[in-house]
Amino acid sequence: MKRLLAIIVIIGTSALEFTSLSLASALELIGARPEPIAERGIVKVGDEAPNFQLRDLNGNVVSLSQLRGKVVLLNFWATWCGPCRIEMPAMEQLYRSYSRKDFEILAVSTDAQGAAVTRPFQQEMGFTFPILHDAEYRVGLMYGARTLPMTFMVDRKGIVRQKVPGARNWDAPEARELVQAMLKF
């Protein structure tokens with residue numbers, strides 16, 4: 001009985017070592033290098049903005065790619081986020097300053113409750129820019145938006161030109177200058 005148990009342990013251990021070596025060898029053979037966790041899902045300035053499809057407050061599917069040709073302010077936020085709530089009225093002022101032909105704001109809510117919490121907030125505040133829902137935070141993680149609010153400025157060609165962590169006064173002259181500069185290209 002002891003001999004059988006010893007054989008099983010040796011075979012089991014060898015099988016585990018073989019499996020580990022085989023996986024490492026296979027990865028090495030195909031030239032695959034595992035991406036460090038810190039590097040996953042981080043969109044950098046100069047990268048093409050990853051496309052996504054999310055639903056708006058009316059249930060319509062909106063994709064980033066359908067806005068190609070416009071400058072897009074892509075903002076990740078939540079109703080429970082104090083700094084998010086503070087910056088959004090200035091986003092509304094910026095939104096009202098530019099034509100929909102050239103400029104769009106996509107406010108991507110990460111609230112798990114979706115429209116049940118964003119619709120009353122939107123109505124109370126009078127926001128007219130589109131609010132999309134990313135309740136499972138898949139798009140937020142794809143962009144590397146690890147804190148809220150997080151904003152990405154995407155140019156007409158779909159390239160991320162600015163990554164802005166934290167709340168900003170989007171109605172300030174600097175923000176308007178940034179949008180104006182991006183609209184020129």
Side-chain angles (χ1 to χ4, degrees), residues 35-68 70-98 100 103-172 174-176 178-179 182:
E35 191 176 10
I37 291 173
E39 297 293 318
R40 294 180 193 163
I42 295 180
V43 175
K44 298 176 190 79
V45 172
D47 288 352
E48 183 173 347
N51 190 37
F52 58 82
Q53 293 184 335
L54 294 171
R55 295 201 180 272
D56 66 13
L57 285 173
N58 299 316
N60 300 314
V61 174
V62 176
S63 68
L64 182 61
S65 63
Q66 75 190 48
L67 300 175
R68 192 66 51 97
K70 297 181 183 187
V71 171
V72 178
L73 185 153
L74 175 62
N75 179 265
F76 293 92
W77 69 286
T79 57
W80 51 261
C81 167
C84 301
R85 295 173 73 102
I86 291 170
E87 81 172 343
M88 292 184 90
M91 286 171 51
E92 178 64 25
Q93 292 303 313
L94 183 68
Y95 187 69
R96 291 180 183 204
S97 299
Y98 294 98
R100 297 295 65 78
F103 178 71
E104 189 62 75
I105 289 179
L106 295 180
V108 179
S109 167
T110 62
D111 287 288
Q113 305 88 343
V117 293
T118 58
R119 186 182 315 281
F121 179 67
Q122 180 253 353
Q123 291 170 344
E124 174 189 333
M125 301 300 289
F127 297 143
T128 58
F129 51 78
I131 294 178
L132 310 181
H133 293 103
D134 184 21
E136 295 178 8
Y137 206 50
R138 289 184 182 160
V139 177
L141 288 177
M142 177 171 62
Y143 272 78
R146 307 250 190 295
T147 61
L148 298 178
M150 179 69 72
T151 304
F152 296 84
M153 295 296 298
V154 182
D155 72 11
R156 295 177 186 269
K157 295 177 182 175
I159 305 300
V160 174
R161 295 298 172 195
Q162 294 284 322
K163 181 178 179 180
V164 184
R168 294 293 184 269
N169 178 359
W170 292 105
D171 196 34
E174 299 82 19
R176 291 179 179 277
L178 171 61
V179 173
M182 291 180 68

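Numbers here simply count residues along the sequence, with the first being 1. Fair warning: this is a prediction, and the values are worked out from it, not measured in the lab.
- A side-chain donor from one of Ser97 and Arg176 sits under 3.5 Å from a side-chain acceptor of the other.
- Under the 3.5 Å distance criterion, the side-chain polar atoms of Arg55 are left unmatched by any main-chain donor or acceptor of Gln53.
- Rounded to the nearest 0.5 angstrom, Leu148 CG and Thr110 OG1 are separated by 4.5 Å.
- Under the 4.5 Å side-chain criterion, counting only non-hydrogen atoms from C-beta, Met91 is not in contact with Asp171.
- Looking at heavy atoms from C-beta onward, Phe103 lies in side-chain contact with Leu73 at the 4.5 angstrom threshold.
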Quiz item: Please walk me through it: do Phe127 and Ile105 pass side-chain contact (heavy atoms from CB on, under 4.5 Å)?
Solution: CA-CA 11 Å; Phe127 297 143; Ile105 289 179; over 6 Å; no

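- Residue Ala167 comes nearest to Pro83 through the heavy atom pair CB-O, 3.5 Å, listed as atom of the first residue, atom of the second, then distance.
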Would you give me the side-chain donor-acceptor pairs under 3.5 Å for residues 158-166, sequence neighbours excluded?
{"unit_1": "Arg161", "atom_1": "NE", "unit_2": "Asp155", "atom_2": "OD2", "d": "2.8"}
{"unit_1": "Arg161", "atom_1": "NH2", "unit_2": "Asp155", "atom_2": "OD2", "d": "3.1"}

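- For the atom pair CZ (Arg68) and CZ (Arg156), the distance works out to 13.0 Å, reported to the nearest 0.5 Å.
- A pairwise comparison of heavy atoms in Ser65 and Asn51 identifies N-OD1, 2.8 Å as the closest pair.
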Exercise. Begin with the C-alpha distance, continue with both residues' side-chain angles, and end with the deciding distance and a verdict on side-chain contact (heavy atoms from CB on, under 4.5 Å) for Met88 and Met125.
Key: CA-CA 9 Å; Met88 292 184 90; Met125 301 300 289; over 6 Å; no

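- Between Phe76 and Tyr143, the ring-plane angle classifies as tilted under the 30° and 60° cut-offs.
- Residues satisfying the salt bridge (charged side-chain N to carboxylate O under 4.0 Å, His left out) test with Glu92, not counting sequence neighbours, are Arg96.
- Side-chain contact between Ile131 and Trp77: present, with at least one pair of heavy atoms (C-beta onward) separated by less than 4.5 Å.
- Between Glu87 and Asn75 there is a side-chain heavy-atom pair separated by less than 4.5 Å.
- The side-chain hydrogen bond (donor to acceptor under 3.5 Å, both in side chains) search around Asn169 returns none, not counting sequence neighbours.
- Here the straight-line distance linking atom CD1 of Ile42 with atom CG of Leu141 works out to 11.0 Å at 0.5 Å rounding.
- Partners of Arg138 by side-chain contact (heavy atoms from CB on, under 4.5 Å), not counting sequence neighbours, listed by chain and number: Asp134, Glu136.
- No side-chain heavy atom of Val43 sits less than 4.5 Å from a side-chain heavy atom of Met142.
- Atom CG in Asp47 sits 10.0 Å away from atom CZ in Phe152 (nearest 0.5 Å).
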Practice problem: Could you go through the side-chain contact (heavy atoms from CB on, under 4.5 Å) check for Leu178 and Met153 one step at a time? | Solution: CA-CA 9 Å; Leu178 171 61; Met153 295 296 298; 3.8 Å; yes

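- For the pair Phe129 and Gln122, the minimum side-chain heavy-atom distance is 4.5 Å or more.
- For residues 107-126, no pair satisfies salt bridge (charged side-chain N to carboxylate O under 4.0 Å, His left out), with sequence neighbours left out.
- Nearest heavy atoms, Ala135 versus Ala112: CB-O, 3.8 Å.
- Side-chain contact between Leu67 and Leu106 is present, with at least one heavy-atom pair separated by less than 4.5 Å.
- In this structure, Val117 and Trp80 have side chains that are not in contact, with every pair of non-hydrogen atoms separated by 4.5 Å or more.
- In terms of heavy atoms, Thr118 sits closest to His133 at OG1-NE2, 2.6 Å.
- Among residues two or more places apart in sequence or in another chain, the ring pair (Phe, Tyr, Trp, His ring centres under 6.0 Å) test is passed with Trp170 by none.
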